[in-house]
Structure formats: C-alpha cells, structure tokens
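Take a look at the structure below.
Worth saying up front: this structure is predicted, and the values here are computed from it rather than measured.
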Amino acid sequence: MTYQIKPLSCDPAKIKGMSERLIVSHYENNYGGAVKRLNLIDEQLAELDYTKAAGFLVNGLKREQLIGSFERWRSEFVAMGKALGGGSGWVLLSWSPRDRKLVNQWASDHCHTLAGGTPILALDMYEHSYHMDFGAKAASYVDTFMDVIRWNNVQRLFVQTANDRGAAGDTRQ
Ligand SMILES: [Fe+2]
C-alpha cells in the first residue's frame with residue numbers, strides 16, 4: 001500500500017499563537033517526510049524474509065486513565081505534555097476498546113500507542129513542533145496548543161470512532 005500525503009487540514013496562517021512557518025514546516029518536513037519514509041519502509045518490509053530476520057522488542061505502553069471531569073482530564077493532559085518538554089513523544093487522548101473509555105497516554109515514539117486504541121487528539125511534543133516559535137519554552141507551546149484545539153474535530157473523531165468501534169451506547173464501565 002502506498003500512503004498518500006493528505007492536504008493540510010487547517011489554514012496555517014490562522015493558528016493563533018503559532019506561526020505559519022512553524023505549521024508549514026511541520027506539515028511538509030515532518031508529516032510529509034514521515035509519509036515518504038513509511039512508503040520506503042513498506043517497500044523494505046515487503047522484501048524482508050521473516051524466517052531469517054531478527055525479532056524486535058516492544059517496550060510497552062504507558063496508559064493513563066481518564067477519570068472525572070474535563071478539568072481533571074485537561075490538567076492531566078497538559079501536565080503530561082509539559083512533562084515531555086525537553087524530551088520527545090506525543091500525548092494522546094485515545095479511545096481504548098479494551099477499557100471502553102477514553103484515556104490519556106504518552107507515546108514515546110512511533111511504536112508506542114495504546115493497544116487497539118484510536119487516538120482522537122494528539123499533542124506533538126517533538127521539538128520540531130514548537131522550537132521554531134517557542135524555543136525551549138515547551139510549556140508555553142502546550143498552553144497555546146490547548147487554546148487552539150478544534151473541539152468540533154475532536155468530537156467528530158470520537159463520534160466516528162464510537163460508530164466504528166462500538167463506543168456509543170455502551171453502558172459497561
Ligand atoms: Fe511532529
């Protein structure tokens with residue numbers, strides 16, 4: 001399968017608190033670069049002989065449960081993002097089909113996501129996502145990010161996930 005680069009889903013000149021240069025650089029260099037790399041990796045994997053290739057280790061998942069109110073969720077999500085300042089990774093709000101609830105998790109790299117989970121909100125804490133505008137002030141970036149979240153998009157993804165994954169109408173806790 002060849003992955004296509006999707007068009008930028010926002011107007012990069014209209015993200016309050018983040019420069020167009022930062023958003024476009026992230027889109028072209030990091031997202032676009034990742035899609036191109038993924039296609040190259042797929043090509044390599046297609047040629048791999050699994051009977052002779054060395055296995056790989058999966059380092060595990062870090063899951064944080066969503067408990068209580070929006071403010072509690074928000075505090076946790078923000079704290080997790082700020083805790084990654086100077087490090088790298090993502091903070092993800094994901095639907096867990098196993099736990100049947102939304103959870104905050106951090107993903108230390110591309111290999112670490114909640115098993116079976118569907119991310120519906122992602123805070124990128126790799127330096128490329130903020131350094132151009134915020135320098136070392138990762139915490140300011142997190143605060144700005146929280147202010148520009150398009151909650152209608154998050155809701156749309158959650159509803160879509162609910163419909164696809166059976167989250168809607170489930171009363172089990
Ligand atoms: Fe990124």
Side-chain angles (χ1 to χ4, degrees), residues 6-27 30-31 34 59-173:
K6 293 184 177 179
L8 193 55
S9 61
C10 64
D11 181 342
K14 293 185 177 170
I15 305 297
K16 192 176 172 189
M18 296 187 205
S19 71
E20 182 174 3
R21 188 166 154 252
L22 173 68
I23 301 299
V24 170
S25 170
H26 195 183
Y27 171 73
N30 301 102
Y31 167 69
N59 284 331
L61 305 170
K62 168 86 172 78
R63 288 189 291 176
E64 301 252 351
Q65 294 183 328
L66 174 66
I67 305 168
S69 69
F70 171 79
E71 281 306 320
R72 183 178 171 86
W73 166 82
R74 191 185 190 286
S75 302
E76 182 180 274
F77 192 85
V78 166
M80 290 171 73
K82 291 181 179 178
L84 280 175
S88 60
W90 292 275
V91 182
L92 303 173
L93 173 63
S94 297
W95 170 256
S96 167
R98 180 174 181 153
D99 296 332
R100 295 188 173 273
K101 62 185 174 185
L102 291 165
V103 296
N104 288 331
Q105 67 153 128
W106 67 268
S108 60
D109 69 25
H110 306 75
C111 301
H112 295 167
T113 57
L114 184 66
T118 303
I120 64 169
L121 177 66
L123 167 59
D124 190 340
M125 289 305 299
Y126 280 85
E127 273 194 351
H128 66 243
S129 64
Y130 62 86
H131 200 268
M132 202 179 283
D133 282 4
F134 295 89
K137 295 178 181 170
S140 297
Y141 158 71
V142 172
D143 292 334
T144 301
F145 174 90
M146 297 306 292
D147 288 341
V148 297
I149 292 170
R150 290 184 177 176
W151 286 106
N152 53 344
N153 283 345
V154 177
Q155 183 181 8
R156 179 178 51 76
L157 285 172
F158 176 69
V159 169
Q160 188 179 316
T161 300
N163 289 333
D164 292 348
R165 309 288 300 276
D170 192 300
T171 55
R172 285 183 290 170
Q173 291 296 317

Heavy-atom side-chain contact between Q155 and I120 under 4.5 Å = no
Euclidean distance, T144 OG1 relative to K137 NZ, rounded to 0.5 Å = 11.0 Å
Report yes if the side chains of R150 and C10 come closer than 4.5 Å at any heavy-atom pair, otherwise no.
-> yes
Shortest non-hydrogen contact between W95 and R100, atoms and distance | CH2-C, 3.2 Å
Given side chains that start at C-beta, do those of L121 and L92 come closer than 4.5 Å, heavy atoms only?
-> no
Step by step, would you call W73 with V103 a side chain to side chain contact (heavy atoms under 4.5 Å, CB included)?
-> CA-CA 9 Å; W73 166 82; V103 296; over 6 Å; no
Could you give me the CA-CA distance, side-chain angles and deciding distance for D164 and Q160, then say whether side chain to side chain contact (heavy atoms under 4.5 Å, CB included) is met?
-> CA-CA 6 Å; D164 292 348; Q160 188 179 316; 3.9 Å; yes
Salt bridge (charged side-chain N to carboxylate O under 4.0 Å, His left out) with D143: which residues, sequence neighbours excluded?
-> K82
Would you confirm whether S129, through its side chain, and D124, through its main-chain N or O, come within 3.5 Å as a donor-acceptor pair?
-> yes
Taking the side chain as every heavy atom from C-beta outward, state whether K16 and D147 have any atom pair closer than 4.5 Å.
-> no
Can you find a pair of side-chain heavy atoms, one from W106 and one from L84, that are under 4.5 Å apart?
-> yes
Would you mind reporting whether Y130 and M18 have side-chain heavy atoms less than 4.5 Å apart?
-> no
Heavy-atom donor-acceptor pair, D133 side chain to S19 backbone, under 3.5 Å | yes
Do the side chains of L22 and Y27 get nearer than 4.5 Å, heavy atoms only?
-> no
Parallel, tilted or perpendicular: which describes the rings of H128 and Y126, with under 30° parallel and over 60° perpendicular?
-> parallel
In terms of the angle between their ring planes, are F145 and F77 parallel, tilted or perpendicular, with boundaries placed at 30° and 60°?
-> parallel
Do F158 and N153 have side chains that get closer than 4.5 Å, going by heavy atoms?
-> no
Would you give the length of the straight line joining atom CD1 of I15 to atom CD1 of I23, rounded to the nearest 0.5 angstrom?
-> 5.5 Å
Heavy-atom count around R21 CZ within 6.0 Å, excluding the residue itself: above 12?
-> no
Under the 3.5 angstrom rule, does the side chain of Y31 hit a backbone N or O of K6 as a donor-acceptor pair?
-> yes
Looking only at heavy atoms, the pair that brings M125 and G81 closest together is CE-O, 3.2 Å
Please report the shortest heavy-atom distance between P97 and A115, naming the atom on each side.
-> CD-O, 4.5 Å
Donor-acceptor contact present, side-chain Q105 to main-chain L114, <3.5 Å = yes
Of all the heavy-atom pairs spanning E20 and A13, show the shortest one and how long it is.
-> OE1-CB, 3.6 Å
